[in-house]
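Here is the structure we will look at.
Being a predicted model, the structure only gives us computed values, none of them experimental.
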Amino acid sequence: MKKTSLPPGHTPATPITAPVMGIQQPLAPTHPTFTPSPVQQTSEPVQSRSPVVKQPPIPQEDMVIVLSLDGLLERCKAASTNTSAKRKVEDIASKLTTLSDLLRESKLSQDVLQGLHYIAQAIQMLNYQAGLVKLTELASSANFSEISSFMPAVKALLQLGLYLKV
């Protein structure tokens, strides 16, 4: 069998280390296990390596967006009866933090902000379908990279509110 040589500068692919679905993992570890030694107690307090950074507040005129989305999120959480819906609500909540951060840092364009204000009004009127229509308009007209981090979560929240009728 002839062995082929790799071109210069080529790095081989890294091996797959994650378990493959459907294949059982061995019960006993195949490598030596690490046993930590007891830690001696000291009287010095442990200091945090990263200081807590105080975030600027969300601008007052944009708080209606956050409050509307949070209110719908809480209504969906209260109406969720199965674990799948509850997990979805938790996932949406974690992704909406991205939107809050962008509002805090004033990184959204005026067109996107106007669209989000319209969606917030639709949520307040319990007209989730109108919010979804505006969301579709935003997705097709706005800079996609600007909205791609939070729009799927807003869409999922509106669809969940429509499904749960909250």
What closest approach, in Å, do S149 and T98 show between heavy atoms, and which atom pair accounts for it?
OG-CG2, 3.3 Å
Counting N and O atoms only, with roles assigned by atom type, does the side chain of R104 sit under 3.5 Å from a partner on the main chain of I58, one being a donor and the other an acceptor?
no
Would a 4.5 Å heavy-atom cut-off, applied to side chains only, mark K86 and V89 as touching?
no
For the residue pair V166 and A79, what are the closest heavy atoms and their distance?
CG1-CB, 3.4 Å
Interatomic distance, K88 atom NZ to T83 atom OG1 [nearest 0.5 angstrom]:
13.0 Å
Close side-chain approach of L72 and Y128, heavy atoms under 4.5 Å:
yes
Does a side-chain heavy-atom distance below 4.5 Å link V112 with F150?
yes
Rounded to the nearest 0.5 Å, what's the gap from OG on S80 to CZ on R87? Could you check?
11.5 Å
Salt bridge K95-D91, side-chain N to carboxylate O under 4.0 Å
yes
Output, in order, the C-alpha distance, side-chain angles, deciding distance and verdict of side chain to side chain contact (heavy atoms under 4.5 Å, CB included) for L138 and F144.
CA-CA 9 Å; L138 259 179; F144 189 73; over 6 Å; no
Return yes when atom CD of E61 has more than 12 non-hydrogen atoms of other residues, nucleotides or ligands closer than 6.0 Å, and no otherwise.
yes
dist K77:NZ -> L164:CG (nearest 0.5 Å) comes out at 13.5 Å
Kindly give the heavy-atom pair with the smallest separation between V64 and A120, and that separation in Å.
O-CB, 3.9 Å
The reported gap from CG in L157 to CD1 in I123 (rounded to nearest 0.5 angstrom) is 6.0 Å
Which atom names give the shortest non-hydrogen contact between P152 and S148, and what distance separates them?
CD-O, 3.4 Å
Single-linkage hydrophobic cluster, 4.5 Å side-chain cutoff, L113 and L135 together
yes
Rounded distance [0.5 Å steps], CG in L96 versus CD1 in I65
11.5 Å
If we check side chain to side chain contact (heavy atoms under 4.5 Å, CB included) with L116, which of these qualifies: D111, D62, L99?
L99
Any chain of hydrophobic side-chain contacts (each under 4.5 Å) joining L132 to M151?
yes
If you compare all heavy atoms of N143 against all heavy atoms of S145, which two are closest, and at what distance to 0.1 Å?
OD1-OG, 3.0 Å
Do E146 side-chain atoms and S109 backbone N/O form a donor-acceptor pair below 3.5 Å?
yes
Does the salt bridge (charged side-chain N to carboxylate O under 4.0 Å, His left out) test come out yes or no for K134 and E137, once each step is laid out?
CA-CA 5 Å; K134 187 60 173 181; E137 287 176 18; 3.4 Å; yes
Y118 reachable from M63 in the ILVMFWY side-chain graph, under 4.5 Å edges:
no
Separation between CG of L69 and CD1 of I92, rounded to the nearest 0.5 Å:
10.5 Å
Could you see if L67 belongs to whatever hydrophobic cluster contains L108? Use Ile, Leu, Val, Met, Phe, Trp, Tyr and a side-chain cutoff under 4.5 Å.
yes
